[in-house]
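Single-structure report; data block below.
As the structure is a prediction and not an experimental result, all values here were calculated from the model. Along the sequence shown, residues are numbered consecutively beginning with 1.
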Amino acid sequence: METLKRIFKVESAFQLVVVFVVFAVTGSLSVVVSGPVLTVMQIDALPSLVYWPARVLMTFIAYQILLICVGTLFGQFAYFWRLEKRMLSRFGFRFD
């Protein structure tokens, strides 16, 4: 348990459980949300070679947004904002 707390940089076992729940909810919710968004954008009618890359991209974008929202609902905004900044900096986004 101490190793997991050190890896995820949390202070308590309770916070570790909350972080895991937020990751689980966010991952599932991003997959659920991305389908209807693509339907509204009428991308679901396009060929599979266009649809699936668009679905993966939409899932990634939805995940980034939902991670902050769900993390905030669970009272962990600061933790997930720090994680989000680190994740997006790998894609070239800078937050000062």
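In this structure, Tyr63 is not a member of the same hydrophobic cluster as Val56, with clusters built from ILVMFWY side-chain heavy atoms closer than 4.5 Å. Using a 4.5 Å cut-off between side-chain heavy atoms of Ile, Leu, Val, Met, Phe, Trp and Tyr, with links allowed through other members, Met41 and Leu46 fall into the same hydrophobic cluster. Linking Ile, Leu, Val, Met, Phe, Trp and Tyr residues whenever their side-chain heavy atoms come within less than 4.5 Å places Val50 and Met58 in a single cluster. Tracing side-chain contacts under 4.5 Å through hydrophobic residues (I, L, V, M, F, W, Y), one reaches Met1 starting from Phe23; they form part of the same cluster. Placement of Phe14 and Val21 within a single hydrophobic cluster is found when ILVMFWY residues are connected by side-chain heavy-atom separations under 4.5 Å, directly or transitively.
Under the 6.0 Å cut-off for aromatic ring centres, Phe20 and Phe8 qualify, their centroids lying closer than that.
Distance check, rounded to the nearest 0.5 Å: CG of Leu57 to CG of Leu38 gives 9.0 Å. For the atom pair NZ of Lys9 and CG of Leu4, the computed distance is 13.0 Å after rounding to the nearest 0.5 Å. The line from CG of Leu67 to CZ of Phe77 is 10.5 Å long, rounded to the nearest 0.5 Å. To the nearest 0.5 angstrom, Tyr79 atom OH is 14.0 Å from Thr72 atom OG1. Here OG1 of Thr39 is found 4.0 Å from CG of Asp44. Values are rounded to the nearest 0.5 Å. Here Leu16 contributes atom CG and Ile7 contributes atom CD1; the two are 9.5 Å apart, rounded to the nearest 0.5 Å.
Looking at Ser34, its side chain does come within 3.5 Å of a backbone N or O of Val31 through a donor-acceptor pair. Looking only at distances, a side-chain donor or acceptor of Ser30 sits under 3.5 Å from a matching main-chain atom of Gly27.
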Side chains of residues 80-92: which donor-acceptor pairs under 3.5 Å do they make with residues two or more places apart or in other chains?
from	atom 1	to	atom 2	distance (Å)
Ser89	OG	Lys85	O	3.4
Ser89	OG	Arg86	O	2.7

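Counting all heavy atoms, side chain and backbone alike, Ala13 lies closest to Lys5 at N-CD, 3.9 Å. Heavy-atom minimum distance, Ala54 versus Ile43: CB-CG2, 3.9 Å.
Side chains of Gln15 and Gln76 form a contact here, defined as non-hydrogen atoms less than 4.5 Å apart. The side-chain heavy atoms of Ile65 and Cys69, taken from C-beta on, include a pair separated by under 4.5 Å.
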